[in-house]
2 protein chains.
Amino acid sequence: MSIKKKYNIRFRIWFYANEDKFLGKGRVELLERIKETGSITNAAKGMKMSYRQAWQMVNEMNESAPKIVVEKSLGGKGGGGATVTKAGEKAIQQFHEFENKVAQFIADESKKLKI
Amino acid sequence: MSIKKKYNIRFRIWFYANEDKFLGKGRVELLERIKETGSITNAAKGMKMSYRQAWQMVNEMNESAPKIVVEKSLGGKGGGGATVTKAGEKAIQQFHEFENKVAQFIADESKKLKI
DNA sequence: TTTCAATATGTTTTTAAAAGAATATTGATA
DNA sequence: TATCAATATTCTTTTAAAAACATATTGAAA
């Protein structure tokens with residue numbers, strides 16, 4: 001039988017803009033769902049999140065980010081909707097890239113541990 | 001004027017033993033204070049933590065860790081006390097080492113980001 | 001055998017966060 | 001100009017986590 005590791009290591013990363021939390025795992029998922037569905041309402045329905053919370057997250061992101069990440073439209077055909085901006089898509093991509101790099105690093109370093 | 005970075009990246013790591021959270025930043029601090037003060041009571045007083053919570057953390061750690069990290073003694077001179085075991089000290093050290101490595105990696109990778 | 005300070009554990013209260021409910025607003029379009 | 005679905009916003013309720021409180025237990029030492 002193989003040697004069983006005592007510990008495994010988990011992590012989370014966050015993007016901050018100045019001192020404001022800007023992006024984490026949950027917010028990235030929300031952005032991705034907004035991109036897919038075209039609205040905050042439907043994005044929130046897909047995850048365990050109330051519209052209220054999703055809307056607040058979007059607002060906080062837009063306020064803290066250097067550029068708006070979600071463009072919202074109000075009224076009109078379909079009642080309105082929300083789309084992820086280029087800046088938003090870039091942020092999503094950067095987050096995933098960074099997270100993957102850290103995951104790889106941690107996996108590699110974990111192997112070196114004699115615990 | 002220098003270019004101002006849009007984002008800075010923060011992180012947290014946790015040691016897991018099987019599927020149980022074993023060690024994080026807060027628990028490491030608790031262990032260090034137990035080591036300094038020789039008791040859960042005084043360790044808890046030093047941070048914003050109730051004795052009850054500190055005691056529970058210690059128990060969870062001891063239950064999930066492969067080896068006990070805090071040795072408790074009950075009654076007797078001084079009422080008893082708590083000491084960090086060799087395994088506990090090693091865990092503290094490993095945690096700091098790993099955290100520092102990840103911090104260094106993230107700092108380096110952050111520099112490469114054009115955001 | 002009483003004292004004492006710390007561990008051990010149960011119960012209640014407070015607090016903060018999330019959820020939920022309710023309602024108003026918007027604007028294209030039919 | 002009435003409709004409609006989504007955004008926007010306020011208010012209330014629930015829930016979960018933390019804190020606070022209370023009390024029992026332990027065992028060396030005086």
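In what follows, every chain begins at residue 1, and chains take the letters A, B, ... in the order their sequences are listed. Side-chain atoms are counted along with the backbone in the values below, which use heavy atoms only and exclude waters and symmetry mates.
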Between [X] and [Y] (salt bridge meaning N to carboxylate O under 4.0 Å), is one present in this structure?
X      : Y      : result
B:K45  : B:E36  : no
B:E109 : B:K112 : yes
A:E89  : A:K67  : no

**OP:** Answer with base, sugar-phosphate or nothing: what part of the nucleic acid does B:G76 contact at a heavy-atom distance below 4.0 Å?
**Re:**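 Touches a base.
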Original post:
Checking all strands, does A:G79 fall into the base, sugar-phosphate, or nothing category for heavy-atom contacts under 4.0 angstrom?
Top reply: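 Result for A:G79 = base.
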Please tell me if [X] has a side-chain N or O lying less than 4.0 Å from either OP1 or OP2 of [N].
X     : N      : answer
A:S73 : C:dT26 : no
B:W55 : C:dT7  : no
A:K72 : D:dA8  : yes

Whole-Å distance separating the [atom1] atom of [X] from the [atom2] atom of [N]:
X     : N      : atom1 : atom2 : result
A:M49 : C:dA17 : CE    : P     : 16 Å
B:E71 : C:dT7  : CD    : P     : 13 Å
A:K45 : D:dA5  : NZ    : P     : 10 Å
B:M57 : C:dT9  : CE    : C1'   : 18 Å
A:Y51 : C:dA21 : OH    : P     : 17 Å
A:Q56 : D:dT9  : CD    : C1'   : 10 Å
A:E60 : C:dA18 : CD    : P     : 10 Å

Original post:
For the side chain of A:R52 and the base of D:dT7, is some donor closer than 3.5 Å to an acceptor across the two?
Top reply: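 Such a pair does not exist between side chain and base.
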Measuring from the side chain of [X] (C-beta onward, heavy atoms only), which nucleotide among [options] has the closest atom?
X     : options                : answer
B:S39 : C:dA6, C:dA19, C:dT26  : C:dA6
A:L74 : D:dT26, C:dT26, D:dA19 : C:dT26
B:K77 : D:dT7, D:dA29, D:dT25  : D:dA29

Original post:
So which one's nearest nucleotide on DNA chain C is more toward 5', A:S50 or B:G81?
Top reply: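 It is B:G81 whose nearest nucleotide is closer to the 5' end.
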Original post:
Taking for each residue the nucleotide of DNA chain C with the nearest heavy atom, is it A:K48 or B:N42 whose nucleotide lies nearer the 5' end?
Top reply: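 Its nucleotide being nearer the 5' end, the pick is B:N42.
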**OP:** Nearest 0.5 Å please: distance from the CD atom of B:Q56 over to the CZ atom of B:R52.
**Re:**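 Those atoms lie 4.5 Å apart.
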Subject >> Common cluster, A:L113/B:F22, ILVMFWY with side-chain heavy-atom separation under 4.5 Å >> reply: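 Per the 4.5 Å side-chain linkage, A:L113 and B:F22 are co-clustered.
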